[in-house]
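Working notes, structure below.
In what follows, every heavy atom counts, from backbone to side chain, and hydrogens, waters and symmetry copies are set aside. Keep in mind that what you see is a predicted model, and the values were worked out from it rather than measured.
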Amino acid sequence: MSQRVRRILIALSAAVVAVVGTAGPGHAHGFASTVHADVSAHDGGRPHTTVELEYDLLVVSAADAAHDDALFRQGTAAFETGDARGRAAVLDAHADAVTGYVTDRFSLSSGGRPCTPRRHGGFTMSRRDGAPYAVLGLDWTCAGGDAPLEVRSTLFPDAERYVKGTKTIVTYAVDGLVGSAALDAAHPSFLIDQAWYQRFWEFFRLGAEHLLTGIDHILFLLALIVGSRTPREVVLVATTFTLAHSVTFLLAALGLVEVPASVVEPVIALSIAVVAGWHLWRLARHRDPAGEPEGRVGHFQLDRAGWTRLGVVFCFGLVHGLGFAGALGIEAAWSWTLLWSLLVFNLGIEAVQLAIVGLLFPALAVLRRRAPRAGRRATGLVAAGVAVMGLTWFAQRITGA
């Protein structure tokens with residue numbers, strides 16, 4: 001084996017180990033939360049916000065921050081019974097603790113001067129992605145004159161060790177400005193008069209970060225790469241995956257399609273194992289994974305196996321799109337601004353996906369051409385590791401472990 005081939009093999013192995021090694025034994029995404037906030041004008045132009053937070057996380061966090069054991073006990077009991085009115089009643093009974101927790105971590109300011117919040121009405125309940133959410137209305141008094149509003153959110157995680165991270169999705173319609181923004185720990189605030197490209201950059205970055213931190217989606221893409229025989233095939237497979245997940249991502253993020261995460265997440269894990277297992281099956285049958293299509297070749301120079309694989313990838317891509325939408329967690333009414341935000345989020349996903357394909361497949365193609373046996377071993381090892389990981393996640397997500 002030449003020195004160049006050895007370097008390529010080592011680089012590929014290191015990349016795979018780095019990816020797989022970051023995957024813990026539990027849920028691939030870890031526990032994350034999404035907060036939804038709507039900012040509008042109310043009562044003579046004063047700002048009004050409607051903030052939606054996961055009920056159980058809010059109860060635990062607010063009770064811990066206020067040292068309110070009664071809130072924890074009553075809120076937990078209401079969560080377990082599934083009584084929406086009972087949950088809202090618990091929050092109303094401990095309104096000062098809960099509202100204080102939220103307004104300490106979610107705020108508006110104008111001209112650098114903080115706005116003063118006041119609770120508007122009682123708590124109500126909603127559901128997002130199958131989880132109960134608490135809805136809190138807030139009126140704000142701002143002394144900053146005509147200065148643009150700044151929205152800031154540091155909600156979750158605070159001292160919560162079980163929360164991986166939180167996104168706060170903000171939609172706003174204030175002073176003739178309409179738009180949306182995504183906040184997280186690295187980017188906790190924004191001005192509502194920010195330029196369109198700044199808002200879109202936030203969603204592009206959010207999409208890119210989601211794919212980079214979504215180890216299950218990366219492993220699925222890795223399984224597609226090692227199982228592709230030719231440059232044409234990897235391009236078609238990546239394009240098929242993109243088209244499929246883009247369709248369901250947009251439909252689900254706009255609230256037009258809803259599938260429980262308890263269904264989506266196990267199927268995503270199963271898709272990883274199936275696509276990786278497909279390549280192992282071909283190796284077991286002594287098929288050359290780097291060879292040209294076999295038998296009758298149709299459109300796009302694909303044989304029957306190639307077209308079948310595209311069909312499987314398309315079906316699984318539809319499910320992955322639901323997973324992307326669940327991560328973003330937007331269920332707002334239709335608007336062109338929202339649509340563009342969703343498309344830019346998807347572009348962030350695609351940019352990372354293309355970068356991974358562009359880096360790994362050429363190196364893999366060189367290895368297969370210069371050392372076919374080493375190429376088969378390398379892709380078989382990768383596929384086996386990916387398949388085991390996918391089956392492990394599938395079992396964990398089915399059993400709730």
Original post:
For Pro188, what residues pass the side chain to side chain contact (heavy atoms under 4.5 Å, CB included) criterion, not counting sequence neighbours?
Top reply: Arg152, Thr154

Sequence neighbours left out, cut at 3.5 Å: what donor-acceptor pairs do the side chains of residues 345-352 make with other protein atoms?
| unit_1 | atom_1 | unit_2 | atom_2 | d |
| --- | --- | --- | --- | --- |
| Asn346 | ND2 | Ser246 | OG | 2.8 |
| Glu350 | OE1 | Thr242 | OG1 | 2.8 |
| Glu350 | OE1 | Gln353 | NE2 | 3.4 |
| Glu350 | OE2 | His245 | NE2 | 2.7 |

Subject >> Pairs involving residues 238-252, ordered by first then second residue, that meet salt bridge (charged side-chain N to carboxylate O under 4.0 Å, His left out) (sequence neighbours left out) >> reply: none

**OP:** Under the ring-ring contact (aromatic ring centres under 6.0 Å, His included) rule, collect the residues that match up with Phe220, sequence neighbours excluded.
**Re:** Phe241, His320

**OP:** Name all residues meeting the ring-ring contact (aromatic ring centres under 6.0 Å, His included) criterion together with His48; count only those two or more places apart in sequence or in a different chain, and write none if there are none.
**Re:** His42, His120

Original post:
If you round to the nearest 0.5 Å, how far is CD of Gln396 from CD of Glu265?
Top reply: 12.0 Å

Subject >> Euclidean distance, Ile398 CD1 relative to Leu270 CG, rounded to 0.5 Å >> reply: 8.5 Å

Sequence-distant partners of [X], side chain to side chain donor-acceptor pair (under 3.5 Å), two or more places apart:
X	result
Ser126	Glu52
Ser189	Glu150
Thr76	none
Trp140	Thr49

Original post:
Are Phe156 and Phe106 an aromatic pair by the rule of ring centers under 6.0 Å?
Top reply: no

Salt bridge (Lys or Arg N to Asp or Glu O under 4.0 Å) partners for [X], two or more places apart:
X	value
Asp92	Arg119
Arg87	none
Arg205	Asp184, Glu209

